[in-house]
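Worksheet: one structure, shown below.
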Amino acid sequence: MNWHDDESYITVTGREPFRFEACLKWLKKRDKEIMYEVVGECVFILIPTEEGAVLSGIEGAYDGVKVTFPLTAPTEAGKAQIASFVNEWFDMDKDILPFYQLAAQDPVLKPLIPEFKGMRVVGIPDLFEALTWAIIGQQINLTFAYKVKRRFIEQYGEHIPFKGRRYWLFPRPERVAELDPAELRELQFSMRKAEYIIDIAKLIRDRKLSKEKLRNYTPATLKKELMSIRGVGNWSADYVRMKCFRQPDAFPVADVGLHNALKARLGRDRKPAVEEIMEMAAGWSGWEAYAVFYLWMSSG
DNA sequence: GGCCAGGCTAGCA
DNA sequence: TGCTAGCATGGC
């Protein structure tokens, strides 16, 4: 990771080609998201550090981003943690040139590259948040999923107000582990999802599950490990590998958003079957996550 | 009003 | 190993 301390702000540099403006397009598209707020060309988010949560404003810089601190300035150590979060959120260290090389040979992906060049898979660095969001999003439409997520965060998260808006920290596993499924039912979680999420919170609270433990697993082992968690199937495991562990070969092939994007790009009147998608994706090998993300971005 | 939604589990053959 | 009912409700 490459970052620099400029006293009142920090800069984090991405590996070329990196363009924050392209990532910002994605952030703006998720306008029902509650964990961050886009104001103009700047995204504000509460970033957890060991010295507490720090409200941070992130905007584009020459070959990376500039991060300012509108409320309280973090210490040197805090800045390092914030730089690390930002670097991870935007997958800034990844060398994505191989993806562009294979995309140039691919009829589906090729048209997307000029439009979104420099865009990274925008991630979910926190494992509990990534798993919870994957489970909330299963088999319900995204509009409703965002409503449920909002209720969950407003009920059990903490926030800091700034300029008439609230900036949230995702509910901590220790808090969620204490809940009764009935409490989440009131927020319109299904009973199953309530159980899954509370169980995962307990696993994390009891140190049986952590990002640090899983971080160095091979892709296949990580997927197997994630799928051993109740409520996490094929799609969710790949979604979390993609958004939290940044493994570019993660391929949530059953994803309805992917199906709809392909239908639109191919001009079909129905969604392609999974088998057909697998054939189409033969050339995406190793970069399926980026292919999926660029396709998500291209539609809807 | 009916089909679909960023699927998963458990039960069955 | 492969198939499917049931989940649970909102969105459009």
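Residue numbers start from 1 in every chain, and the chains themselves are labelled A, B, ... in the order their sequence lines are given, proteins ahead of strands.
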request  = Using heavy atoms to find the nearest nucleotide of DNA chain C for T143(A) and I140(A) separately, return the residue whose nucleotide is more 5′.
outcome  =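 Nearest-nucleotide comparison on DNA chain C picks I140(A).
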Any side-chain N or O of [X] less than 4.0 Å from the OP1 or OP2 oxygen of [N]?
| X | N | answer |
| --- | --- | --- |
| S190(A) | dT9(C) | no |
| K32(A) | dG11(C) | no |
| R185(A) | dT9(C) | yes |
| R230(A) | dA10(B) | yes |

task = Find the distance between OG (S84(A)) and CH2 (W89(A)) and round it off to the nearest 0.5 Å.
result =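 Rounded to the nearest 0.5 Å, the OG-CH2 separation comes to 14.0 Å.
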task = Find the distance between CH2 (W168(A)) and CD (E158(A)) and round it off to the nearest 0.5 Å.
result =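 W168(A) atom CH2 to E158(A) atom CD measures 9.5 Å (nearest 0.5 Å).
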message = With rounding to the closest Å, how many angstrom separate the P atoms on dG1(B) and dA8(C)?
response =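 Comparing P positions in dG1(B) and dA8(C) gives a spacing of 23 Å.
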inquiry  = Angle between ring planes, Y146(A) versus W133(A), binned at 30° and 60°: parallel, tilted or perpendicular?
reply    =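 Aromatic pair Y146(A)/W133(A) classed tilted.
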ask   = When the ring planes of F170(A) and F128(A) are compared, do they come out parallel, tilted or perpendicular, using 30° and 60° as the limits?
value =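 Rings of F170(A) and F128(A): perpendicular, over 60°.
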Expressed in angstrom and rounded to an integer, what is the separation of [X] atom [atom1] from [N] atom [atom2]?
| X | N | atom1 | atom2 | answer |
| --- | --- | --- | --- | --- |
| E195(A) | dC8(B) | CD | P | 16 Å |
| H259(A) | dG7(B) | NE2 | P | 8 Å |
| K193(A) | dT9(B) | NZ | C1' | 13 Å |

query = Taking both distances under 3.5 Å as the test for a Watson-Crick or G-U pair, what stems of at least three pairs does DNA chain C have?
reply =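 The stems that DNA chain C takes part in, listed by first number, are B:2-5 with C:9-12, B:7-13 with C:1-7.
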message = Once side chain to side chain donor-acceptor pair (under 3.5 Å) is applied, do any residues pair with T221(A), and if so which ones, sequence neighbours excluded?
response =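 Here the qualifying residues are T218(A).
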Pairs where residues 3-13 of chain A contributes a residue and the test salt bridge (charged side-chain N to carboxylate O under 4.0 Å, His left out) is met, not counting sequence neighbours =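 Pairs touching residues 3-13 of chain A that pass the test: D5(A)-K79(A).
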inquiry  = On DNA chain B, does the nearest nucleotide to K243(A) precede the nearest nucleotide to G231(A) from the 5' side, or the other way round? Give the residue.
reply    =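 This one resolves to K243(A).
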